Amino acid sequence: MELILEKGRLDDWIAALEGWQAFAPSQEDEVWGYRPTASPVRLDHPNTVQPPKNFAFPQREVFFRFEQVKGEPPRLTPVEPDAARNVVFGVRPCDGRGVVRMDTVFSDHVEDSFYLGRRKNLAYVGLACLKPASRHCFCKSVGGSPVSTEGLDVLMTDLGDCWLLASATPVGETLMQAAGALLTEPSAEQRMELARRHEEALARPQKSAVADVGNAATRLKDNFDSPLWEELGKACIACGICTYLCPTCHCFDLNDEVSGGKPLRGGRVRTWDSCQFPDFTMHSSGHNPRDSLGSRLRQRVSHKFRYFVENFGTPQCTGCGRCVSQCPVGIDIVNVVNRVCASV
Amino acid sequence: MGDNIYLPQLARVSYIKEEVAGERAIKTFRLEFAEGEGFEHECGQCAMLSIFGKGEAMISIASAPHVKTYKQFSIMRVGRVTSAFHELSVGDVVGIRGPYGNSFPVHDWRGKNLIFIGGGCGLAPIWPVIQTAVAQREHFRDITVFYGGRSPRDIMYQAELEKLRGAADVHLSVDKAEEGWNAYCGFVPANLMDKEPSPENAIAITCGPPIMIKFVIQNLRSLGFRDEQIYTTIENKMKCGLGKCGRCNVGKDYVCVKGPVYSWDVLKDLPAEY
Amino acid sequence: MSRQGDWNLNPMSETYEPKIVAFLCKWCSSAGSDLAGVSRIQYPANATPITVACSGSVSPQYVLSAFKKGADGVLVSGCHIGDCHYMEGNYHARRKLYLVKELLEFTGVEPERFRMSWVSAAEGAKFAQVVRDFVDDLRPLGSQDKMRNEPT
Amino acid sequence: MSKKRTGVFVCHCGNNIAATVDVARVAQEMAGEESVVCAKDYVYMCSDPGQNAVIQAIKDNQLDSVVVSCCSPTLHEKTFRDNARAAGLNEFTCEIANIREQCAWVHKDRAKATEKAIKISRSAVRRVSGAKSLEPIGIGVTRRVLVIGGGIAGIQASLDLANAGLEVVLVEKQATLGGHMIQLSETFPTLDCSQCILSPKMVEVSRHPKIKLMTYSELQEVSGYVGNFKAKILKKPTYVDPEKCKICDDCSQVCPVVVPNQYDLNLTARRAIHIPYAQAIPASYTLDIKACLGLNPVVCGKCKDACEAQAINYDMQPETVVEDVGAIIVATGFDLYGQEKLGEFGQGKIEDVLDGLQFERLCSASGPTKGRILRPSDHTEPKDVVFIQCVGSRDPARHCAYCSKICCMYTAKHASLYKHHVPDGRAWVFYIDIRSGGKGYEEFVQRTMEEDEAIYLRGRVSTLYQQNGKIRVMGTDTLSGENVEIDADMVVLALAMQPSAGTAEAAKVLKIGRDKDGFLAEAHPKLKPVESVTVGVYLAGTAQGPKDIPETVSQASAAAAKAIILLSQDRLTHAPTVAQVRKSHCTGCEMCVDACPYEAIHLENGKAVVNDVLCEGCGTCSATCVRAAIEVKNATPMQMNQMIEAVLGF
Amino acid sequence: MIRIEDIRTQARDILETGEVRAVIGWRRGSRGMAAEPVLISQPEEAESLVWDPTCFHNLSLNLVQERKRLARKGMASNKPLALVAKGCDARSVTVLLQENHFRREDVYVLGVSCEGSGVLDERKLARVLDGLTPDSAAYDGDDYVFQTEEGEKRLPAREVMADRCLECRSAYPRLNNAVFGEEKTRGLEAPFAALSRFEQNRGAERWDFWKRQFERCIRCFACRSVCPLCYCEECVVDSIRLEVTPETTADEKANRIRWIERSASRSDNFGYHMTRALHLAGRCIDCAECERVCPVHIPLRLLNNKLEREAREKFGYEPGASVDLPALVSSFRDDDPNEFIR
């Protein structure tokens, strides 16, 4: 389904989405992030600081609550994931592809009821990147494209005075149908314009590119013991920026948070975690399988470009460039992959 | 909600035995599901045990699958959760979810000689295999158990090991000689070399401290064991047990799913990040 | 999110009782509060004492932790300057906790929520007055929601 | 650490607690605590049956920790800790929850008081659940005492200590014992001769087998702690061997250098080689190296030539000795307030304006005038002598705020002595008020006024100046309201006592506090008047505050007694609730080292190390460390955290 | 003006003579215009060193990291490490020396006096350039000069300079083994100007502001990771750095206090940032790296500045002024503020 929305009517469409809570990028203290929509929604944002992964995989999530009176068995109360229906506007295609990768992880082997519980109530309305959202974009080199609909329910393309909305899933169609008369059939010129703009976007070079993503997994395997890892990892300060801002990083921690002692009361809480944190893999004994900065950088990069490929046939990285642009010390995953893969 | 994969079942502690005292104390616990059937498991699988308010810890199940009334765990006191376990009394109720991970292909080993090599608390993960083999004694040929601790006081399952003697060759050892110790003195890998088990139609299963495993595998190979004849288990820090939290990741594997049991020919190709 | 357990009720309701953690040094302020007791000087029951060796041992972490766990007010009371049983502990307390107080105020936490006092072993009446004043000052502020953990 | 088995015992204290607090409910709530295996209430926990019940419950329930919710720990902490010990528990796993003074007695609302009592009790339960068994720290002791200062205070303390059988090291900065007291002529109120009563004691000191006398020596450094101090003492060379010196004075006769004699407050002169006064102890000459032309026979060498006993040794070197002692008594004495600071009284530049000690020398038979009172300027007998009290004292705006305490008395004595020497002279005394508390003191002042006819004028002197060979004193008599002008022949200022220069040095070396006026600070103004804040260091005499001779002697004996009590034990014990370092967390930043009031922490191989004996467990280090690398045993952050939670209803 | 050649020559010399083991400096980054930290150990690598307004990083962090790296490998350093240090960086080296984290002889400071050039605030620049992404930045004595796809852009330094540089209190690295540039500080703004502006807000407004900040924090710990003074192996407030040595007992691990949970809740974030600020009181020397790296733009510098100014005004304490001073919180003065105590 491809339909036209006048530029000025976006808010009306959002208003027409009954039963959906809408989110779109906005700025708070100059930080671009997905927040409940406030009129007018403009969709003129660069890459948001964080990808929209919070919607299905919030940074903090309670799985169940427990209560235990001394001498009695504990009582557990499961928590159900928030059932609100959320629609997120302005999602870049790289982040859309990130959603797919997250879906893969949380459905593989056993289904994560919390992730999927949220996910099934989530819709993503994407925004085609007619020009790169940042100088660090490299989606094309990792199998993506600035107009990809992967993971998105609708893709919006800016045609100058109007948006062209293309549905990519049945949910997307539902969303568009809710707009009713707001949406009109595109003209032939508009269709041609769309094609032209998409082609242009695809042709536009990105400043950054993974050299040979197809062979990256093999090359990374070959160079697992390369001294380059320690060399490149030396600059790393072991913060969580690259992983917390990544649309596909899913590692987490589970802890009991206690909020009362008479009776014992609390909950089991999932919080994000990062393989870049020093104690992420540390055993209780103090033994740490990945105890150096280099080994942790290797883990992150290998996971994105090798392990995920080995398991699911595609790189996990979607080329959004956040880990590059936000790294405090300028570690560039593209550079790392290219250098390691190129080394002998 | 039935599909809350992180929600533990409740289990009651029915038995506690202090195996080893001291700073690295080990206690054995038997847990009985508080309601319902609980779950079945296979040799080598683990379960995530909870003490509410403290957290969870992945512990290998030390009872054999044919034991239906309880699940046994031998837990060394190392951190927050395991310390809380050591404070439990019989009758206390804890959380348990599982079973997690793969298992030893015990069925495939029928007709073979089984050689178990354990050290310290590494006897627990292979104990279900030993128990299974003994229970199905007719299906296996020779069963040999090598097991050692730092001192006689660090030997766990002492009574059980004695009971085993009829069904299996048991070779115990302690690291340093001590009065009253009549068996072998020295490290487990050395005891292994001392007894020189034959690789002929044999499977070697080893578990213990990483450094011990390293030398055991070295020694087994020098005795002529092929990589696929050697099995071990690896332990990594785990939080979810479900292949999601990313913590136990070694190469492409999540140990909680693809492990903990590995044959050496598979394991040797994984990064040594465990 | 619903409030559980010991959390305060509606801040402005008449049943609202500010919860105060009172760190009292053993030698002066705790002794002073003992004297208030011996003299049967009545004061509100809102402040629960934790006796410490010296006000100098009260780590800023304790103060923050108390607020995080739902204290409406935190009192640290020690010996008058010059009278510290450990000579200088209260000087250290004063400097460190001044920084805590400043920082709380800076972030917009009501400055009335953190209080320090010097109460000697002879000042039973003063101790009672310090608690009375503190409770009076806290009451209109209502319950402390800024730093408090929401129960899980 | 396995889970604690705690017993909680809630006391009704008759109706003292039970009237306001629902004690049964407190016990019941405590029973619900994780670690509590028995919780009881009883009408009088501290009664014999109550205590026995605690002991029995400990045994019956195999308790390993106890909380008693009752009155203030100052009252019965010891009682119940003793019970705990009697039942086989470590006393440090017994805690008191004060629900009487801090709860039942100060609240009326039963519900609220009960809630608070529960919180207090619960926090004690949580605290005790993290408590470790601790053993008191034992310290061996050196049964020797260092006495600093050889005035009457030091002499008295040394003799008391030595006579009690302890070894004493007595260090005196000057070349002789005696301090200021030996400079005095007579002493009030009995007017007995100062030298006569002091000299025998000095001789006794010098001959006492238990006393090691070190004159002309200075304390340089003290390390260690109670029972085990190490004192580094510098022995300055006198260049005269006291063993050989025959005090024949041949050396002094030939010495070409003449300098003022401080012993006589510069009213006389002496040679570079000298003996302060004839009865000096040790009886030996001292070569004042600052005044001497040089220790080189080529330059001078006259004294060495003159000495037949060959007692003079120019090669004598300063010597540092280290003495091990178990206790230290500081008796560093006083100086008089400096005349140079008194602009209105001539800044010390008017020859016939004297201070009290100078006047003492004039009165003394062994003094510069052989006991005749003569004006230093022209050696005439003064006929009008003005004595001014409170000079430099009781004047917070300009000088010392405190009352120097003995000036009233010594002025009365001076006036009286003057009148005895010069019966036809007039003694004028300006005073603010007369403070004559002491046995026979008031009578003495009255005698001075009435029998000796000293003229007492209540008022201050605004200024004085020299005029026509006299000193014009401008004062006010506030009783008559008139200005008084006196042309005096001599003026004697009753200057305030202030701590001696050596006091500040000693305080620094010993790391003991001083008060705002610079006097040594006692550990408690009422109950520990002779103890310093550092355990094992005691105070005596005027270094601690202005006082007269009898008071000084009493305090010296008291300090000696304290030291004797301390050292009468074979081993000292120290509370084990001291700081401990978590080595793995310590980065060696030294913040705790700087913050510790007791200098109990130092670095070893880049990690903080606590000296258990010096540590008093105040916890300042723990609150200072940003790395949580140091904590006080049984008051750990973990326990504090638990208590905070308990108080907030967790 | 500072000539990069001088720095390179000095770096080459001390590497050649073997006076130092390595030099930590900045080189051209692979990521746009920004320089990046580099540790060089070969004299010829000195050529890669740069000095421009994108040298924001406080390289004393790399000094700390290198020390940790060596310690983990069980390697002791027998020669000093050199670092290029701006005035602020040199002050943090001073604090590290003050806290015995290094011995003076283990550090060779190649001081650079910024001479008023300061460093760039990338966020301010982004606001001004509106989408243009420069490839390089330079300082010509007055202006910052950027090379962009649309050619050279020239901006008055004042407009895009980092606040901390505008308010710089001492641009001259007093602690140094060699120094480049002259001792001149162009105080474009008064010290603590941003802080003073913020303090115009009343209590409720302040809370609204901080509430927003604390709710936005994602607890990536970049602020802590980038701080050269957060060198503890284990952090009091969080478990991501856990110190377990062979001596660590099970008890210790079991009883580790969780002052602050891992949850990025407002309360926990508040606790985290307050604790961090307090732990840096008297130690923070205002390199403002924490604020620069924060991906969600929490103005952390305000918190640290607040305590720094209190330390200066109320306690007469200047962080990073002297190696020999005791720490702010392990010392006191008789006339410390007392009026707040009742």
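On a predicted model such as this, the values are computed, not experimentally measured, just so you know.
Of all residues spanning residues 25-59 of chain C, those with a heavy atom less than 4.5 Å away from chain D's heavy atoms are C:Ser30, C:Ser33, C:Asp34, C:Ala36, C:Gly37, C:Val38, C:Arg40, C:Ile41, C:Gln42, C:Tyr43, C:Pro44, C:Ala45, C:Ala47, C:Thr48, C:Pro49, C:Ile50, C:Thr51, C:Val52, C:Ala53, C:Cys54, C:Gly56, C:Ser57, C:Val58, C:Ser59, arranged by number. Within residues 11-21 of chain D, the residues approaching chain C closer than 4.5 Å by heavy atoms are, in numerical order, D:Asn16. Identified by a heavy-atom distance below 4.5 Å to chain C, the contributing residues of residues 95-102 of chain D are D:Asn98, D:Glu101, D:Gln102, in residue-number order.
Contact record, D:Val593 with D:Ile601: CG1-O, 3.5 Å, taken as the closest heavy-atom pair. Closest approach of D:Met643 and D:Ser123 over heavy atoms only: CG-O, 3.4 Å.
Contact count against chain C (heavy-atom pairs under 4.5 Å) is highest for D:Pro637 among D:Pro637, D:Ser622, D:Ala113. Ranking D:Pro597, D:Cys618, D:Ser72 against chain C, the residue ahead of the rest is D:Cys618, based on heavy-atom pairs under 4.5 Å.
Screening residues 612-632 of chain D for ring pair (Phe, Tyr, Trp, His ring centres under 6.0 Å) gives no qualifying pairs among residues at least two apart or on separate chains.
Remark: aromatic rings of D:Tyr402 and D:Phe519 are close, center separation under 6.0 Å.
No donor-acceptor distance shorter than 3.5 angstrom exists from the side chain of D:Ser532 to the backbone of D:Glu522, with no hydrogens or angles considered. The closest donor-acceptor contact from the side chain of D:Thr636 to the backbone of D:Gln639 lies under 3.5 Å. For C:Arg148 (side chain) and C:Phe67 (main-chain N/O), no donor-acceptor pair under 3.5 Å exists by modelled atom type. Formation of a donor-acceptor pair under 3.5 Å by the C:Gln61 side chain with backbone atoms of C:Val63 is not found in this model.
The pair C:Asp137-C:Arg113 fails the salt-bridge criterion, with no side-chain N (NZ, NE, NH1 or NH2) lying under 4.0 Å from an Asp/Glu carboxylate O. In summary, D:Lys78 and D:Glu91 do not engage in a salt bridge, as defined by a charged side-chain N under 4.0 Å from a carboxylate O. A salt bridge is defined here as a Lys NZ or Arg NE, NH1 or NH2 lying under 4.0 Å from an Asp or Glu carboxylate O, and D:Glu115 with D:Arg25 meets this definition.
By the 4.5 Å heavy-atom criterion applied to side chains, C:Lys19 and D:Lys119 are counted as neighbours.
Proximity to chain C is limited to the side chain of D:Thr74, based on heavy atoms less than 4.5 angstrom apart. Of the two parts of D:Thr577, neither the backbone nor the side chain holds a non-hydrogen atom closer than 4.5 Å to a non-hydrogen atom of chain C. Contacts between C:Phe127 and chain D at a heavy-atom distance below 4.5 Å are absent for every atom of the residue.
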Residues D:Arg127, D:Gln642; criterion side-chain contact (heavy atoms from CB on, under 4.5 Å); working and verdict
CA-CA 7 Å; D:Arg127 178 178 190 166; D:Gln642 297 244 318; over 6 Å; no

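Between the side chains of D:His107 and D:Lys112, not a single donor N or O lies within less than 3.5 Å of an accepting N or O. Donor-acceptor pairing under 3.5 Å is recorded for the side chains of C:Glu123 and C:His80.
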